Novice: 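Before anything else, here's the structure in question.
Side chains included, hydrogens not; waters and symmetry mates left out as well; all remaining heavy atoms used. On a predicted model such as this, the values are computed, not experimentally measured, just so you know. Just follow the structure's listing: the first ligand is 1, and inside any ligand the first atom is 1.
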Amino acid sequence: MKDRLLAGIGALALAGCAGLAEAPVTGVAAGAKTPSAFTRAIHDAVRAERNFADTRDFDFAARGFIATRKEPMITTASGQPVWNLAAFDFLQQATSETVNPSLWRQGQLMAKHGLFQVSDRIWQVRGFDLANITFVKGDQGWIVIDTLGSNETAKAALELANQHLGARPVVAVIYTHSHTDHFGGTAGLVELADVRAGKVQVIAPEGFLEAAVGENVIAGPAMQRRAMYQFGIPLPKGADGLVNAGIGPGLSTGTSSLIPPTREIGATGETLTIDGVKMVFQFTPGTEAPAEMNIHFPDWKIVDMAENANATQHNILTPRGAVVRDAKVWAEGLTEALRLFGDSEILIASHGWPRFGNAEVRDYLGKHRDAYAYLHDQTVRLMNKGLNGDEIAARLKLPPELDREWYDRPYYGSLSFNSRAVYQFYMGWYDANPSNLAPMPPVDTGRRYVAAMGGAARVKQMAREAFDAGEYSWAAELLNHLVMADGDAEAKDLLARSYDQLGWQAEPSTWRNIYLTGAKELREGVGAPRANPASQMAALANLPLGSLMDLLAVRLDPEKAAGQTLKLAFVLSDSDERSYVSIANGVLVHEEILAPEPVDATLTASRADFLGAVFGGQPLPPKITSGAAKLEGSPQALLKLGQWMDAPNPVFPIVTR
Ligand SMILES: [Zn+2]
């Protein structure tokens, strides 16, 4: 009985909670891979319209280069590849006919890798991960700002710095914000014991831990699946596949860590002197991340803008899915930064290359601010005149003074997507048109449209005509209805070829990756889950018990629990957390209190054993036999909980049904 019970608990195991492992590198997908005359014409127009003669970015990105790592492959301890510095060598060629020239340029800049001197006290390692890692030389050791996404890439970056600049201990780590690519590598730099012993300070913006562990948890599986599209994770790296991720070359796939901060910054103007280095902070919550801050070095006139001013237009709403951000607050943070730190001679950031010279810094901050302010204000102006999101997106264009700046180009976020995001921020998805009040699901819509257009053969004919005329978005809309309706192979192939052309045309890396990943999945299917169980469990390790119970609540299958009730108590013996769980009416309600009434079962276990049993599929009986865990009441009750849980699907279909 107990074995069955514990197998039932194993069924709760999370799927696809965190961790995106490296895609197997396969050849380019089958099918015609030739850019059309229409696609080539778009590339020609980009070459004519954009100022490729402006090479300041190449100068800034190359300035101060010292050396890079000799061995291009960075691996885990067991030899699994985490990051390959040579993977983007293909960008050394001048251009590619399957990549928008503007995006190719961004890819070239971001593929530069190695150790770079920024000033006499600051260095950065760039191109070792999606983000940068910054080394500030204190009196005794290194102050590290942002730690990359994997322990392995962070360790490789520190080794490179120590090798060329002399070995120094890491005395402090600063997380500029709560996204994994800025804290995930910390255990590759410092020992947790040294942090606990006070030998290493870890500084972060107020609210960091809650945001870091909580921002992507409840909707984690859906976000991770969609992230595969946004970051092109299934794509091979190359001119036919992944070229760039907009804010960096791509995502590393190593082991992530989260060492909680020992000190929080909660107000603009807070000043710290660490290891002889004076830093003034600007607290900017609710901008690019829920918890974020910029850092000023007043003695050196250098500012670190975190992820608030990037070498690209950023996302107000990330296509992988997230809570929408506030473009107005973002712009206001940049106005304040300009006022507080506008005397800076050098600007560095969490992604991309520095800018040198006060005029450059001011211009960059000001025009970033203006781009987000324009996006916000003009979207709202048009919204208040009655345009819906699609209409605003079709109309909105940055003024020429902003549009021509390479750093306002849409490599990550685009005006089209971001203006819809501003609309969503204020209005939600509904555009007020009664016809759109209750749209049908895509399969039903597809079947009806296909019938209305005269059947599958006619739809394909219309789509081929659109394709031949270079109207790939319209071809995709027609074919999407047909693929959703009956999954016709010929329709899938033509849809994939339409997505190829759209991907090759796209200036945003995100759009390219989304189109090309869609094309690949139309041709080859979705593929196996790529989740990394160790990373999944690491993602849960720091969650409060209440958040873990939130995860169970959104997995309850109401049909399985129909007509039944359950009351359970959970006690984590080592962290002194407890939860009282009650299931009735198809709803799991939890309160983090001592159970106020008799329950069907009480499980008392250490945090690690609880996580292992409930989310890791690990057997509980040995723990109960050994006395490490205790189960009181009905084992059947715990079994029911396991049986009622519905696992998320980490590889749900997107371009098909
Ligand atoms: Zn980042």
Novice: Can you tell me if Gln163 has over 12 outside heavy atoms packed within less than 6.0 Å of its CD?
Specialist: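 Result for CD/Gln163: enclosed.
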Novice: Suppose we screen for salt bridge (charged side-chain N to carboxylate O under 4.0 Å, His left out). Which residues come up paired with Lys112, at least two apart in sequence or across chains?
Specialist: none
Novice: From the options Asp181, Asn132, Asp146, select the one residue that forms a side-chain hydrogen bond (donor to acceptor under 3.5 Å, both in side chains) with His351.
Specialist: Asp181
Novice: Take the Zn ion (ligand 1) as the centre and count protein N, O or S atoms at distances under 2.8 Å.
Specialist: 4
Novice: What side chain to side chain donor-acceptor pair (under 3.5 Å) pairs are there with at least one residue in residues 321-333, not counting sequence neighbours?
Specialist: Lys328-Glu332
Novice: Once salt bridge (charged side-chain N to carboxylate O under 4.0 Å, His left out) is applied, do any residues pair with Arg362, and if so which ones, sequence neighbours excluded?
Specialist: none
Novice: So does Asp57 pair up with Arg355, basic N to acidic O under 4.0 Å?
Specialist: yes
